[in-house]
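All values below were derived from every heavy atom in this structure, side-chain atoms included, with hydrogens, water molecules and symmetry-related copies excluded. Just so it is clear, the model here is predicted, and its values are computed rather than measured. First the proteins, then the strands, lettered A, B, ... as listed; each starts at 1.
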Number of protein chains: 2
Amino acid sequence: MRSGPISRAELARATGLSKQTASEVVRDLEANGWIRERGQTQGLVGRSATTYELDAGRAYVLGVDLGGTKVHVALADLSGAIAAEEVDATDRRGGHHVIEQIAALTRSAAARAGADPRRIRYGAMGSPGVFQPGSGRIIIAPNIPDLDQIDVVKALRVSLGFGVAVENDVNLAAVGERWRGCCREAATFAFVALGTGIGMGLMADGKLIRGARGAAGEIAYLPLGGDPFDSRGYRLGTLENAIGSVAIMERYRGLGGQGAEDVRGVFDRLVDGDAAARTTMDEVARVLAQALMAIRAILDPELVVLGGSIGARPELVERVRALLNGFMAEPLRVEASPLGGRAALMGAVGTALSTLYDSVFGMTDLPGEQARTAGVETAA
Amino acid sequence: MRSGPISRAELARATGLSKQTASEVVRDLEANGWIRERGQTQGLVGRSATTYELDAGRAYVLGVDLGGTKVHVALADLSGAIAAEEVDATDRRGGHHVIEQIAALTRSAAARAGADPRRIRYGAMGSPGVFQPGSGRIIIAPNIPDLDQIDVVKALRVSLGFGVAVENDVNLAAVGERWRGCCREAATFAFVALGTGIGMGLMADGKLIRGARGAAGEIAYLPLGGDPFDSRGYRLGTLENAIGSVAIMERYRGLGGQGAEDVRGVFDRLVDGDAAARTTMDEVARVLAQALMAIRAILDPELVVLGGSIGARPELVERVRALLNGFMAEPLRVEASPLGGRAALMGAVGTALSTLYDSVFGMTDLPGEQARTAGVETAA
DNA sequence: GTCCTTTGTAAAGGAGCCTGACGAATGTAG
DNA sequence: CTACATTCGTCAGGCTCCTTTACAAAGGAC
């Protein structure tokens with residue numbers, strides 16, 4: 001969908017509705033304040049047309065990315081432009097304290113954007129762990145105490161005053177990449193996050209795949225990179241045991257590597273030409289490439305986006321690409337996440353905006369490109 | 001959707017339409033001959049109702065399962081009951097000869113069912129290989145010469161006089177299992193076919209997953225059971241090289257096994273207590289279990305159905321179940337395909353019927369259970 | 001026999017869309 | 001500068017699909 005000034009007649013042509021109906025729609029939207037007159041067309045043959053534009057400040061949506069260490073909040077206006085962002089360290093007391101923290105950050109973002117908080121209509125929140133739509137709880141959410149004890153959806157609705165959809169953060173990252181990342185043209189793709197943990201968000205034919213119990217994309221459990229029948233290893237996941245951040249450090253130290261405190265450090269040593277770092281990354285890439293081969297064999301995605309603090313590193317992406325290109329007849333397209341750590345946040349905003357659009361315009365398409373430029377510098 | 005006699009008022013309640021509208025729908029359908037009066041309700045309080053039933057013989061649909069060695073054709077009436085089936089060895093001349101063969105089998109099935117061939121409204125055909133919707137061609141279709149040279153959809157339409165949807169046979173098998181097999185309650189599941197080749201049909205949230213290029217479910221390429229970076233092995237697929245029928249025989253012979261001509265023979269020897277046969281199947285099950293673990297990690301299906309001449313064997317299913325139950329906290333449900341070799345055929349019939357229902361009733365649900373009893377004994 | 005329930009039809013109307021006609025406003029050709 | 005072609009937006013009317021309300025007909029329950 002394109003945005004920007006549009007006339008009644010143009011709208012009719014774009015939507016396929018009759019001129020008459022389009023005109024009624026415009027009248028209606030204007031009466032409700034969703035759009036307003038912008039100007040006139042000029043220079044073309046025929047009568048000049050009155051153009052309309054979205055009243056971007058008429059409504060806002062909230063996106064939340066709740067992590068074990070940080071809470072990230074973004075407010076976007078009706079046009080999809082980010083009006084304000086806030087970050088904070090996640091409240092360690094967990095549970096309701098985190099809910100209250102999100103509410104406070106939202107108020108602060110609204111103030112910074114100069115937006116009436118009552119104009120925020122919908123929200124979406126990404127969180128690690130598996131979300132149970134039935135109970136509204138997030139189960140297996142690590143690092144945040146008591147979050148699995150409360151109905152998060154209900155609590156957020158009470159604290160914020162509007163509905164908030166909850167979704168796995170990696171799934172939202174996939175949504176984000178499709179909205180404003182590198183998957184705008186792709187209907188079927190996978191977002192593989194490699195950071196502290198390993199996860200994947202899947203989109204097939206433009207829809208998120210959640211699986212029967214909401215555990216689709218839990219590729220930590222892929223039987224690759226180790227003995228899948230080792231029941232101790234299975235608890236964390238065979239793949240995670242092989243290329244999770246802990247495993248990477250073990251590999252590095254096992255190869256005699258020194259001078260790196262964490263995975264970021266290993267990447268730093270890689271630049272210095274450290275042999276252990278190189279071998280470590282070669283090994284990790286080799287296992288990761290196998291994971292992508294498995295994803296491809298099962299799902300046939302148009303591309304796979306690598307994200308997360310480790311996955312998005314070009315040193316790793318290059319290695320994986322080289323391995324896959326080496327012998328596949330039609331190599332799998334692999335990209336580093338352009339949105340990086342903001343993918344889930346963008347996905348949350350996009351999801352909330354999509355809900356808003358659906359309720360206002362009766363459509364689900366999101367506005368594209370143009371909205372992307374403004375307002376991001378407001379970010380905390 | 002239930003079928004069987006239904007009154008106007010009942011229809012209104014079932015569909016949520018108003019009594020008035022339901023009445024109009026009934027009037028319309030009766031005028032067009034799709035339904036007819038059946039009788040009256042009795043014994044209940046209130047005025048007795050006139051009931052209606054489908055005129056099952058008003059229209060038929062065709063299902064085709066085209067394999068490298070056999071062509072299977074089934075005719076079903078409007079109620080979904082199989083009216084006639086035909087089988088034949090696939091015409092080895094391939095191409096248009098196969099199309100003509102399908103047309104001949106269809107005529108013969110119609111004659112056997114006592115149905116006017118002009119009443120066949122839609123068809124669906126399953127075939128190995130990847131179907132390209134754009135060109136109507138089936139590419140990489142093994143064992144049938146020249147089939148990738150012709151527009152199969154067009155040719156079938158000309159020969160048969162009605163439209164035929166073409167789909168990968170394993171995908172249709174998944175549809176079949178959902179319609180009349182063991183996945184009627186499952187919205188997200190996988191059908192894994194293990195026979196001459198290896199393939200998988202995927203359903204997520206009740207919809208087939210085809211992938212970006214129609215190659216979803218090509219699990220022959222799963223990087224399991226061998227070195228995935230061996231480019232020779234990759235051509236056929238790493239997994240297929242490990243547990244395809246050829247690989248199974250190699251394993252058996254490599255273990256000193258004797259007296260089995262084919263995989264069926266190995267299963268026979270298993271019953272006799274042959275140690276090589278047992279080890280072979282243990283190994284195959286071990287690799288297959290890993291494949292299911294990968295499928296589970298990526299898709300989180302409600303269950304996995306094992307089909308194909310090898311996959312549906314209880315000796316194998318039991319072994320796989322035992323391996324998965326051994327250490328998984330929440331074991332994956334694994335079932336042997338109850339439809340067996342007829343899964344794809346049933347899926348084809350179901351798909352065609354679904355199209356017919358859509359066009360007649362403006363709905364996509366298929367009739368359930370009750371239709372299953374009648375007419376199958378007419379099968380060839 | 002009366003009452004209550006249920007079926008099915010009739011009448012009227014609304015929501016959402018469309019078509020066709022037409023006046024108003026504009027650029028362009030002569 | 002004028003006549004014309006083009007485009008915008010509205011008006012009037014109508015179609016389709018569905019709903020609500022009212023009511024007559026047909027049955028069981030007491």
Assuming nearest nucleotide by heavy-atom distance, tell me which of B:T51 and A:A22 is located more 5' along DNA chain C. B:T51
Rounding to an integer number of Å, can you tell me how far B:R13 CZ sits from C:dT5 P? 15 Å
Can you see whether B:S23 engages B:R8 through a side-chain donor-acceptor pair at a distance of less than 3.5 angstrom? yes
Are B:E30 and B:R36 ion-paired here, with the side-chain N under 4.0 Å from a carboxylate O? no
Please give, in whole Å, the distance from D:dC17 P to B:K19 NZ? 22 Å
Should we say atom CZ of B:R58 is surrounded by more than 12 heavy atoms from elsewhere, each under 6.0 Å from it? yes
Closest to the B:L17 side chain: D:dT19, C:dG8, D:dT7? D:dT19
Starting at CD of A:E24 and ending at P of C:dC18, how long is that distance when rounded to a whole Å? 10 Å
Taking the side chain of A:V45 as heavy atoms from C-beta outward, which of C:dT6, C:dT28, D:dC8 is closest to it? C:dT28
What's the spacing between A:F361 CZ and A:L54 CG if we round to 0.5 Å? 5.0 Å
Can you work out whether B:S48 or A:Q40 has the more 5'-proximal nearest nucleotide on DNA chain C? B:S48
Atom CG of B:D28 to atom P of D:dC18: distance rounded to whole Å? 11 Å
B:R47 side-chain N/O to C:dC4 phosphate OP1/OP2 under 4.0 Å: no
Using whole Å, what does the distance between atom P of nucleotide D:dT7 and atom CZ of A:R8 come to? 19 Å
Between A:S23 and D:dG9, is there a side-chain N or O to OP1/OP2 distance below 4.0 Å? no
What's the CZ-C1' distance between A:R27 and C:dG16, to the nearest Å? 14 Å
Distance from B:L29 atom CG to B:D55 atom CG, nearest 0.5 Å? 11.5 Å
Quick note, A:S18 side chain, CB onward, closest among C:dT19, C:dT26, D:dC8 is C:dT19
What integer distance in Å separates A:E10:CD from D:dT7:C1'? 12 Å
How would you label the contact of B:Q20 with the nucleic acid (heavy atoms, under 4.0 Å): base, sugar-phosphate, or nothing? base
Tell me what A:T50 touches on the nucleic acid: a base, only sugar-phosphate, or nothing, going by heavy atoms under 4.0 Å. sugar-phosphate
Any base atoms under 4.0 Å from B:T21, or only sugar-phosphate, or nothing? Heavy atoms, all strands. base
Rounded interatomic separation in angstrom, taking CD1 from A:I6 and P from D:dG9: 11 Å
